[in-house]
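Contents: one structure, followed by commentary.
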Protein chains: 2
Amino acid sequence: MRVSIGDVARRAGVSISTVSRVINRRELVNAETRQRVDQAIAELGYRPNMFARGLMLRKSDMLGLALPDVHGEFYSEVIRGANAKARELGYHLVISSTNGPEDAQTLLEDLLRRSIVDGMAIMVSEQPGGRPWEQIETRLPLVLLDGAVEDGEHDSVVIDQRAGAQALMRHLIRRCGMKRILFMGGLTTNVDTMARRQVYEEVMRAADLPVSPEDVYHLDFQYETAYAFARDRVKGWAGSRHCVFAANDEMACAVIDAATEARVRVPQDLAVVGFDDTRIARMTRPPLTTVRVPMSTMGATAIELLCKRLADPDQPPTHVSLTPQLMVRESCGAAQQAGAKPAPGDTHVA
Amino acid sequence: MRVSIGDVARRAGVSISTVSRVINRRELVNAETRQRVDQAIAELGYRPNMFARGLMLRKSDMLGLALPDVHGEFYSEVIRGANAKARELGYHLVISSTNGPEDAQTLLEDLLRRSIVDGMAIMVSEQPGGRPWEQIETRLPLVLLDGAVEDGEHDSVVIDQRAGAQALMRHLIRRCGMKRILFMGGLTTNVDTMARRQVYEEVMRAADLPVSPEDVYHLDFQYETAYAFARDRVKGWAGSRHCVFAANDEMACAVIDAATEARVRVPQDLAVVGFDDTRIARMTRPPLTTVRVPMSTMGATAIELLCKRLADPDQPPTHVSLTPQLMVRESCGAAQQAGAKPAPGDTHVA
DNA sequence: GAATCCACTGAAAGCGTTGTCAATGAGTGG
DNA sequence: CCACTCATTGACAACGCTTTCAGTGGATTC
């Protein structure tokens, strides 16, 4: 049978209360007694039962992190950041992801209902699920992550999609002199896609450039889909000062590959830019101009906010906005800086 | 204040026991009563307190997953597989990673000590930590993941490094006719590296090929390091039927880039192969021949074993070995299959 | 009609902690 | 020497749930 606090007490010849005190508030107990208890704990290999403890303390030191889909580098970076921060602050992380948008509700429900977390960070990037967390009445501290549109009521950390997309679009138009830009996004239900598309249209209009419906495509963020799609069309897209703005790096790579395949030169005949700055962005030839999204920072910040709220539940909600960074490489055709030829992967940070 | 089972009981006009029964063993209570209780639960938004429940049931439906470092695609895939399987089986996942090898002990200690998991999967890939789990006496079901050398006592799931490396080496020698193969691994403390290196040497010897110490390098798995390293040497490596066997894809890519940069043609002047088959393997030009490691399967299997053991704690330990798959692309210079030119990313599975 | 059985329900005993409160005894100032 | 403070400790009541055991009536059997 597992050894409990009572066993320790007996062995040390003290009361349960004293053992508890040794564990939680050492300073309150006499040095000599304390040592006896410590020894008993060591000898018995005693480990406090976290259920009992949680029952009293009403906390578990565990935080939840719900993601749309753990697939891909994006989410793994979020996890990494969150995990590091959680450990730093003495918490553990319960991670879960939905198997598709319609599942979000179920997951959240389940996680909130069954699991033992002190607070929870939620990222929902597909619209149709709506705002699952609202359905569930709970007093559990919640932090909303990018995608889950901020509702004012909860803490949130978002990526400033607009700023990133704007920087990119302006670079394309002002610095690279693009005249025609095509937009290739994920599904229209994806909030990131829609945010980027909106900025795309705004900046195009502001620059008096045409934004025709047939220059806007919605695929599914996958390389394969985008490649198959671009393969047939890339020749038609080519032209001086023409560019494809893909809403993620995977699709941008696919376009580059399709172009290369079709002997459409990138960036001379067709510039291509992506979004996210995942690992592959530096692997393409030419290297991909894209927007770096501070993914791990996002995870870390979420955990930080969660802990702050745990410490002080009544403070007004904090909203953190993380600004992405334009990474100018070669696929956009920006004039290369003077000087030595950069090594592969070199990047000019704008 | 939070609503407890007593509140529900009062509202439904029944005893606590009955409410508990409705929740756990519906069939034992009269349909009419049951309905009254269900209604009370719904009206009050009652959610059982998992601490109290765990205290009685001595289980939390949470499983732990300890990884060496969440960085990189490899681990994110493990997480993905584990998460999916965990959800499927009705569990939640507590994930944590070490911030370096010496941290493994601490993490594990902490996780086992403080957290509430029914079982735990552990991956430790750096040797110096030894076998941290052995230090900690615990009756908690443990599954050891690749890297953590199997100790016979616990369930384990490992990647058959030998089979993968053998397939690759033999392909290189028999099919591609390589005469000189260089080995580029991670640090010597990394168990995967050492396993691959061992096979490398064995197969070389078996084929009567020279394996000189200066053809074996130990770097750190990073692109940058490998690139800087290869840059100065790649010309010296070049030669007919020469090849670099990098122990992961990142380093392989670095070698390809360094070679391309130095006008050493891949694979004609120098073949390059990697290991892992991460996302970037299909992005290099030429695409990288590598070995696909079933990462998400590994995560899923670990969870599966854990659950099996939970269900039947006394069964003898299960050891699962996952076989990697050779992915022949173009960087090894294998004769291209007859027929149409493959699309980028196309792969010939050996 | 008494004895059983059955379906259902309630009372109460834990589960392993923490925290409150009182008790003990030694030391202190008057 | 007394009232008082202080440091230390123990008893015991929660915490919210599950589960065992013992009713309670009505139906069934002999």
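All of these numbers come straight from a predicted model, not from anything done at the bench. Protein chains get the first letters and strands the later ones, always in sequence-line order, with residue 1 at the start of each.
For the pair B:Leu28 CG and D:dC21 C1', the computed distance is 14 Å after rounding to whole Å. When the P atom of C:dC15 is taken as reference, atom CG of A:Asn49 falls 12 Å away, rounded to whole Å. Rounded to an integer number of Å, the gap from B:Arg25 CZ to D:dC17 P is 18 Å. If you take CG of A:Asn30 and P of D:dC6, they are 18 Å apart, rounded to a whole angstrom. Straight-line distance from the CZ atom of B:Arg10 to the P atom of D:dC17: 12 Å, rounded to whole Å. Distance, A:Lys59 NZ to D:dC15 C1': 16 Å, rounded to whole Å. Between the CD atom of A:Glu27 and the P atom of D:dA7 there is a distance of 12 Å, rounded to whole Å. One atom, CD1 of B:Ile5, and another, P of C:dA11, lie 14 Å apart when rounded to the nearest Å.
You'll find that the side chain of B:Met56 is closest to D:dC17, out of D:dA14, D:dC17, D:dT8.
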Verdict with reasoning, B:Ser96 to A:His92, per side chain to side chain contact (heavy atoms under 4.5 Å, CB included):
CA-CA 7 Å; B:Ser96 209; A:His92 286 295; 4.3 Å; yes

Pair B:Lys59-B:Asp118, salt bridge (Lys or Arg N to Asp or Glu O under 4.0 Å): steps then yes or no:
CA-CA 6 Å; B:Lys59 69 191 196 78; B:Asp118 296 339; 5.5 Å; no

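Using a 4.0 Å cut-off, no side-chain N or O of A:Arg58 falls inside it from OP1 or OP2 of C:dT18. Regarding contacts with the backbone of C:dC8, every side-chain N or O of B:Arg34 stays at 4.0 angstrom or more from both OP1 and OP2.
Here the side chain of A:Arg36 pairs a donor or acceptor atom with the backbone of A:Ala12 at under 3.5 angstrom.
A:Asn24 and A:Arg53 are linked by a side-chain donor-acceptor pair at a separation below 3.5 angstrom, with hydrogens and angles left out of the test.
Annotation: proximity of residues 12-24 of chain B to DNA chain C (heavy atom, distance under 4.0 Å) is found for B:Val14, B:Ser15, B:Ser17, B:Thr18, B:Arg21, numbered in ascending order.
Only one option out of B:Ile95, B:Val143, B:Asn83 pairs with B:Leu65 in a side-chain contact (heavy atoms from CB on, under 4.5 Å); it is B:Ile95.
The line from OG of A:Ser321 to CD1 of A:Ile159 is 8.0 Å long, rounded to the nearest 0.5 Å.
With sequence neighbours left out, A:Ala195 forms a side chain to side chain contact (heavy atoms under 4.5 Å, CB included) with A:Gln161.
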